[in-house]
Amino acid sequence: MKVMIAGAGSVGRSIARELLTHGHEVTLVDKNPAAMRIASVADADWLLADACEPMSLQQARADEADVVVAATGDDKVNLVLALLAKTEFGVPRVVARVNNPKNEWMFDESWGVDVQVSTPRIMTALVEEAVSVGDLVRLFTFHASGASMYEMTLPADSPVVGTRIADLTFPPQAVLATIIRAEQPIAPSPDDTLEQGDELLVIVSAQGEEDLSELQNLLAPRPHVEEAN
């Protein structure tokens, strides 16, 4: 897979290193000469250029990219790049970094963004996940489809602990994507049995938001609290 990353700061370089480790081709683009730390990601192609200019994207061969990642620290730059990549170069997949959570509403398909990544939101979700075992926590939303990914860590008293996946009835708009157990992802199969402490990653369609309470009750129902007279 060919990936073009705009923004060669710590975020862009980290993404590039991970992608290269997985055998992908990576081009890093940045207009700041100080960001050209080529030795830090020596296996990537580097380009000193403004990613908001069509000529620069042409030099970076954006039209050949399978994915463009807008990873700069400027939301305006990321939006402009996303729009150019999608409309002028026909990039199939555009991932954009959101620096200011107030700007999240703009990062959608109208600006060419297929997936937005909001670091503050992800960090908030991870904090919530750490302190809310047994609760569904939204991690992020795929803007192209409107589907969302939720995480839940199964508590010891979950009614599904010890249950085979084949014996579970998930809401129609929800799909169990992955089980993380002992820090290892597991592709769920019908014969797998859920265990205490399993982290479940569930994809819920945009139409399935109303099924969240049913999903919560299936995996870890909250205790009923009677109102005082």
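All values below were derived from every heavy atom in this structure, side-chain atoms included, with hydrogens, water molecules and symmetry-related copies excluded. Quick caveat, the model's predicted, so the values are computed rather than measured. Position 1 is the first residue of the sequence, and the numbers go up from there.
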Next item on the list: Identify the two heavy atoms, one from V204 and one from Y150, that lie closest to each other, and give their separation to 0.1 Å.
Entry: CG2-CD1, 3.8 Å
Next item on the list: Measure across R13 and S40 and return the closest heavy-atom pair with its distance rounded to 0.1 Å.
Entry: CD-OG, 3.2 Å
Notebook entry, point to check: Which atom names give the shortest non-hydrogen contact between A156 and V161, and what distance separates them?
Noted result: O-CG2, 4.3 Å
Checklist line | Side chain proximity check, V95 to V117, heavy atoms < 4.5 angstrom | finding: yes
Notebook entry, point to check: Going by an N to O cut-off under 4.0 Å, is there a salt bridge joining K2 and D66?
Noted result: no
Notebook entry, point to check: Considering only heavy atoms from C-beta outward, does the side chain of R164 approach that of D191 to under 4.5 Å?
Noted result: yes
Notebook entry, point to check: How many angstroms lie between atom CG of D192 and atom CZ of R181, to the nearest 0.5 angstrom?
Noted result: 6.5 Å
Note to self: When you compare the side chains of N99 and D75, does any donor N or O come within less than 3.5 Å of an acceptor on the partner?
What the structure shows: yes
Note to self: With a 3.5 Å distance limit and no angle check, can you tell me whether W46 reaches the backbone of V41 through a side-chain donor-acceptor pair?
What the structure shows: yes
Margin query: Contact between M4 and V29 at the side-chain level, heavy atoms closer than 4.5 Å - yes or no?
Written below: yes
Check: Between CG of L168 and CG of L218, what distance do you get to the nearest 0.5 Å?
Finding: 6.0 Å
Next item on the list: Working to the nearest 0.5 Å, report the span between CD of Q116 and CZ of R97.
Entry: 13.5 Å
Item checked: Pairwise distance NE2(H24) to CE(M1) - rounded to 0.5 angstrom -> 4.0 Å
Notebook entry, point to check: Can you check whether I165 reaches P190 side chain to side chain, under 4.5 Å on heavy atoms?
Noted result: no
Checklist line | K86 and D114 ion-paired at < 4.0 Å | finding: yes
Next item on the list: Count the heavy atoms belonging to other residues, nucleotides or ligands that lie under 6.0 Å from CZ of R61, then report whether that count exceeds 12.
Entry: no
Check: So, the side chain of D198 versus the backbone of E195: is there a donor-acceptor pair under 3.5 Å, distance only?
Finding: yes
Next item on the list: Could you tell me the separation between the CG atom of L200 and the CG atom of L176, rounded to the nearest 0.5 Å?
Entry: 5.5 Å
Next item on the list: Please report the closest heavy-atom contact between G12 and L28, naming both atoms and the distance.
Entry: O-CD2, 3.8 Å
Notebook entry, point to check: Transitively linked via ILVMFWY side-chain contacts under 4.5 Å: V94 with V11?
Noted result: no
Notebook entry, point to check: Within the side chain of D167, is there an N or O that forms a donor-acceptor pair under 3.5 Å with the backbone of T163?
Noted result: no
Next item on the list: I would like to know whether T153 and E151 meet side-chain hydrogen bond (donor to acceptor under 3.5 Å, both in side chains); could you show each step before the answer?
Entry: CA-CA 7 Å; T153 300; E151 186 273 350; 2.9 Å; yes
Check: Looking at side-chain heavy atoms only, is the closest gap between I203 and S148 below 4.5 Å?
Finding: no
Check: Is it the case that one hydrophobic cluster holds both V202 and V175, taking links as side-chain heavy atoms less than 4.5 Å apart, direct or via other members?
Finding: no
Notebook entry, point to check: Of all heavy-atom pairs between D30 and G9, which one has the smallest distance, and what is that distance?
Noted result: OD2-N, 4.3 Å
Note to self: On a heavy-atom basis, which atom in L47 and which in M36 lie closest, and how many Å separate them?
What the structure shows: O-CE, 3.9 Å
Next item on the list: Determine whether P54 and L84 make a side-chain contact, defined as any pair of heavy atoms from C-beta on separated by less than 4.5 Å.
Entry: yes
Note to self: Determine whether L81 and L57 satisfy the following criterion, side chain to side chain contact (heavy atoms under 4.5 Å, CB included), listing intermediate values before the conclusion.
What the structure shows: CA-CA 9 Å; L81 169 59; L57 294 179; 3.6 Å; yes
Notebook entry, point to check: Going by atom types only, do S110 and D108 share a side-chain donor-acceptor pair under 3.5 Å?
Noted result: yes
Notebook entry, point to check: Would you say R93's side chain and V67's backbone share a donor-acceptor pair under 3.5 angstrom?
Noted result: no
Checklist line | Donor-acceptor contact below 3.5 Å, side chain S158 vs main chain L219 | finding: yes
Next item on the list: Treat each ILVMFWY residue as a node, draw an edge where side-chain heavy atoms are under 4.5 Å apart, and state whether I15 and L20 are in one component.
Entry: yes
Next item on the list: Nearest 0.5 Å please: distance from the CD atom of Q184 over to the OG1 atom of T178.
Entry: 12.5 Å
Next item on the list: Examine the side chains of S56 and D50 and answer whether a donor and an acceptor come within less than 3.5 Å of each other.
Entry: no
Margin query: For L79 and M106: C-alpha separation, side-chain torsions, deciding distance, then whether side chain to side chain contact (heavy atoms under 4.5 Å, CB included) applies.
Written below: CA-CA 8 Å; L79 282 173; M106 292 188 289; 4.0 Å; yes
Check: Any link between V3 and V68 through a network of hydrophobic side chains (Ile, Leu, Val, Met, Phe, Trp, Tyr) touching at under 4.5 Å?
Finding: no
Item checked: Non-hydrogen side-chain atoms of T27 and I5 separated by less than 4.5 Å -> no
Notebook entry, point to check: Same cluster or not: are F107 and V80 linked, directly or through other Ile, Leu, Val, Met, Phe, Trp or Tyr residues, by side-chain heavy atoms under 4.5 angstrom apart?
Noted result: no
